[in-house]
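Treat the numbers as computed from the prediction; the structure is a model and nothing was measured.
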Amino acid sequence: MRASRISLSSLGSAFGWVLVLLIQPAAQGQSLEERGHWGGRQQVAALLEDGVLVGNGNHLVRLDVTDPSAPLMLSESVGLPGLISGIAVDGDYAYVTCLDEFSRPIKGFHVFQINDPHRLELLASINTGQVPLMAIPGRELLRNAAPILDQDSWPSTTQPQPNWQEMLPVEIQPEIMPLGRAISTNYHVSSANGFAYVCTGEFGVQVIDVHVPSAPRWIARVDTPGIARASAPQGLYLYVADHSGGLQVVDISDPRRARRVGSVSAGNAWGVAVEGDYAVVAAGGVGAMLFDLTNPAKPVQRDILGLSAWAYDVAVEGSLVTVATNGGLTLLEINPASELDWRGQWEYFGELIDVQLAESVAWASDPVGGLQMVNLIEPEHPQWLGSWRTSDMPQNVVVQGDYAYIVSPGHGLEVLEIRDPDQPRHVAGLDVGGWGYDLKVRGADAFLSRLGTDTVMWIDISEPTTPTILAQFPTGEAYGLFIAGNLLFVAAGWDGLEVYQIDDPGSVHQVGHVALRGRARAVVVRDGLAFVAVEYSGVQIIDVHAPQMMSEVGWLETAGQAYDLTLADSSLLVADGHNGLLLVDAQQPAAPRLMQTFPTGANTVKVHYHYPYASVLDSETGLYLLDVSRMPGWVLLDLTPTRVYALGLDVADGVIYITESDGLRLFTFGN
């Protein structure tokens with residue numbers, strides 16, 4: 001997958017920078033290419049008879065939820081080209097849709113065979129969405145999945161407009177453009193009787209023949225006036241939540257000739273569920289709406305119930321209605337008078353955008369918080385059963401050998417096998433019972449800091465698939481760690497710089513401490529000197545030859561927030577927050593000197609030196625690859641934007657690893 005790039009000039013224009021430094025023209029032949037991805041936003045789930053399928057970023061995951069408090073991952077698919085936004089299950093097959101967050105052309109519809117719980121086999125992938133847009137006289141755009149027509153066949157502005165869909169032979173499979181962006185939205189897929197119906201936002205509903213699962217065929221498109229987000233088939237009709245277009249009714253008696261036959265206003269329709277003679281719509285800020293389907297083509301509104309939160313999705317089982325909102329689950333009931341009665345509320349601090357309901361258990365997806373499972377046997381008193389999430393704002397990553405170790409607040413330590421950069425594979429996890437922040441590795445030992453509890457854990461990773469806690473010991477605010485021989489240096493926030501003897505897990509003890517000029521965020525040590533990134537103060541250089549009597553040697557005040565730093569020969573590279581990347585001459589520790597600043601856009605948080613390159617991570621702008629072989633003249637080689645907030649960075653064997661809010665991303669670079 002080719003990573004998007006942003007030019008330095010465009011960024012400078014956007015942020016109003018004036019560059020007067022020695023930044024060379026971009027070199028040719030070096031670029032970042034995205035490879036694998038693990039973890040991610042969990043936008044949607046689908047229920048099975050013996051488990052659940054979850055869209056985990058761009059991977060499909062199968063869970064055993066026999067014990068909802070401890071879900072077990074049974075299998076994981078290959079990575080798809082975009083974020084999974086919809087899952088529909090039909091027997092031994094799952095139909096999966098995905099979106100690209102940067103609006104690049106991707107294959108958006110995928111068929112998996114799921115009869116083996118321990119294997120999710122990808123059978124086929126095709127495009128869905130739209131053909132390249134064409135200007136048509138008398139029409140602003142041709143937004144139809146139709147073949148490119150000869151210009152002579154275009155109608156004049158005075159002629160009646162033809163039905164483009166009826167002109168489309170069923171054999172045509174157009175080349176498709178992307179589905180759009182996926183930011184807290186989900187475009188669903190539903191299936192019935194050998195056909196899949198894919199909601200593609202402003203490009204309506206696409207119909208795919210899946211009678212032969214290994215050879216799905218695009219056969220039709222139904223334009224809708226709004227933004228098609230979700231659908232529910234029943235009998236001869238498909239009911240579409242069409243956002244501003246309300247509830248649309250599509251005749252699917254002949255899917256190859258699918259057509260709209262009715263509609264009704266339904267607020268900002270985000271989700272729809274059908275049960276018997278009723279359709280319930282999650283209508284955004286309007287709330288929940290109930291429609292009578294006695295005449296299927298002409299829904300009649302029976303009731304509307306305003307909610308205190310935004311209604312994203314809805315599920316119905318019998319008379320019980322469950323609405324997913326940005327404040328939890330709202331539980332309603334359809335009474336004999338065709339009205340919605342309030343039953344209960346499960347409050348949740350997050351944004352639930354998808355919900356499934358089976359046997360009085362709700363399965364609700366929060367893109368950030370993961371899959372939530374709630375018992376609704378007593379709707380007045382819903383009970384939380386458990387949750388599942390692979391990554392929770394991962395803070396840092398360390399790579400050693402064939403494994404990447406990820407630290408996150410909610411999941412502690414996660415271990416991934418990375419032999420194949422395209423397919424990182426989760427192999428172990430360790431709950432550390434606190435806010436995991438930084439991690440450093442020394443051979444078979446890993447040291448993990450926990451904020452809040454102000455402790456560091458010593459973990460045995462001699463067997464990476466079974467990490468084991470050996471010891472834990474109190475420290476200050478352990479933002480940054482560094483190992484030098486048998487000493488552990490801790491950048492301990494407002495507590496300064498601390499040093500611990502780590503000869504044996506049973507006898508860890510502090511051997512030194514020195515106060516600093518601000519909050520210590522990171523530390524590196526070489527030749528008896530510690531270089532400390534001190535937030536809102538700059539870089540302090542400390543003599544640590546005798547840890548019991550440490551003292552300041554030099555100090556350089558910076559204009560930003562010094563978050564991270566690394567040694568580059570006799571110089572320092574400093575990630576200085578909004579001030580960008582700094583090059584500091586440290587040949588004379590008593591008088592460190594600023595040589596160069598490279599602005600990166602918003603919030604520079606990490607830097608890694610791997611001659612002749614430096615990888616620089618801006619938490620909001622992206623990953624920069626610089627040629628620093630001719631310091632202080634720097635060459636910007638490439639930049640790929642981050643999807644969401646990024647915090648962690650490591651480089652090993654020609655692969656760059658970054659952690660973002662939704663997981664781990666891997667990049668290679670070269671000619």
| said: Working to the nearest 0.5 angstrom, can you tell me the gap between Ile126 CD1 and Trp218 CH2? | reply: 10.0 Å
| request: Could you tell me whether the side chains of Asn56 and Gln42 share a donor-acceptor contact shorter than 3.5 Å? | output: yes
| About how many Å separate CG of Leu122 and NE2 of His110, when rounded to the nearest 0.5 Å? | 7.0 Å
| said: I'd like to know whether Thr325 forms a side-chain hydrogen bond (donor to acceptor under 3.5 Å, both in side chains) with Thr330, so could you lay out the CA-CA distance, the side-chain angles of the two residues, the decisive distance to 0.1 Å, and finally the verdict. | reply: CA-CA 7 Å; Thr325 76; Thr330 299; 4.7 Å; no
| task | May I ask you to check whether over 12 heavy atoms, not counting those of His211, lie within 6.0 Å of atom NE2? | result | yes
| field | Point-to-point distance, once rounded to the nearest 0.5 Å, from CG of Leu357 to CG of Leu376 | value | 6.0 Å
| said: Using 30° and 60° as the class boundaries, would you call the ring planes of Trp346 and Tyr348 parallel, tilted or perpendicular? | reply: parallel
| What distance do Gln423 atom CD and Glu417 atom CD have between them, rounded to the nearest 0.5 Å? | 11.5 Å
| query | Between Leu331 and Val321, is a side chain to side chain contact (heavy atoms under 4.5 Å, CB included) present by the stated rule, with each step listed? | reply | CA-CA 6 Å; Leu331 311 176; Val321 177; over 6 Å; no
| Salt-bridged, Arg256 to Asp209, with N to O below 4.0 Å? | yes
| Does the side chain of Asp116 pick up a donor-acceptor pair with the side chain of His118 at under 3.5 Å? | no
| What distance separates Ser253 OG from Leu238 CG, expressed to the nearest 0.5 Å? | 12.0 Å
| task | For Tyr93 and Ser191, test the side chains for any donor-to-acceptor distance below 3.5 angstrom and give the result as yes or no. | result | no
| query | Between the side chain of Asp242 and the main-chain N/O of Ala228, is any donor-acceptor distance below 3.5 Å? | reply | yes
| said: Is it the case that the ring center of Tyr197 lies less than 6.0 angstrom away from the ring center of His188? | reply: no
| said: Donor-acceptor check, side chain of Arg221 to backbone of Val207, threshold 3.5 angstrom: yes or no? | reply: no
| query | Angle class for the Tyr95/Phe109 ring planes (parallel below 30°, perpendicular above 60°, tilted otherwise)? | reply | parallel
| request: Could you tell me whether Arg62 and Asp50 make a salt bridge, using a distance below 4.0 angstrom between a side-chain N and a carboxylate O? | output: yes
| query | Is there side-chain contact between Leu47 and Val89, with at least one heavy-atom pair below 4.5 Å? | reply | no
| Should the heavy atoms of other residues, nucleotides or ligands under 6.0 Å from CD of Gln301 be counted, would the total exceed 12? | yes
| note | Separation between CZ (Arg229) and CD1 (Ile353), nearest 0.5 Å, reads 10.0 Å
| Does atom CG of Asn193 have more than 12 heavy-atom neighbours from other groups under 6.0 Å away? | no
| query | Is the count of non-hydrogen atoms from other residues, nucleotides or ligands lying under 6.0 Å from Glu359 atom CD greater than 12? | reply | no
| field | Glu121 CD: over 12 foreign heavy atoms closer than 6.0 Å | value | yes
| Of the non-hydrogen atoms in Val52 and Ala45, which two are nearest, and what is the gap between them? | CG2-CB, 4.0 Å
| Pair Arg302-Glu339, salt bridge (Lys or Arg N to Asp or Glu O under 4.0 Å): steps then yes or no | CA-CA 7 Å; Arg302 291 301 188 194; Glu339 297 172 335; over 6 Å; no
| Within the side chain of Thr200, is there an N or O that forms a donor-acceptor pair under 3.5 Å with the backbone of Phe203? | yes
| query | Can Glu414 and His426 be counted as having a side-chain donor-acceptor contact under 3.5 angstrom? | reply | yes
| Is a salt bridge present between Arg665 and Glu34, judged by a nitrogen-to-oxygen distance below 4.0 Å? | yes
| Do the side chain of Gln234 and the main chain of Glu275 share a donor and acceptor less than 3.5 angstrom apart? | no
| said: One thing to verify: whether Asp341 and Arg343 come together as a salt bridge, which I'm taking to mean a side-chain N less than 4.0 angstrom from a carboxylate O. | reply: no
| query | Do His59 and Trp38 have ring centroids that are under 6.0 Å from one another? | reply | no
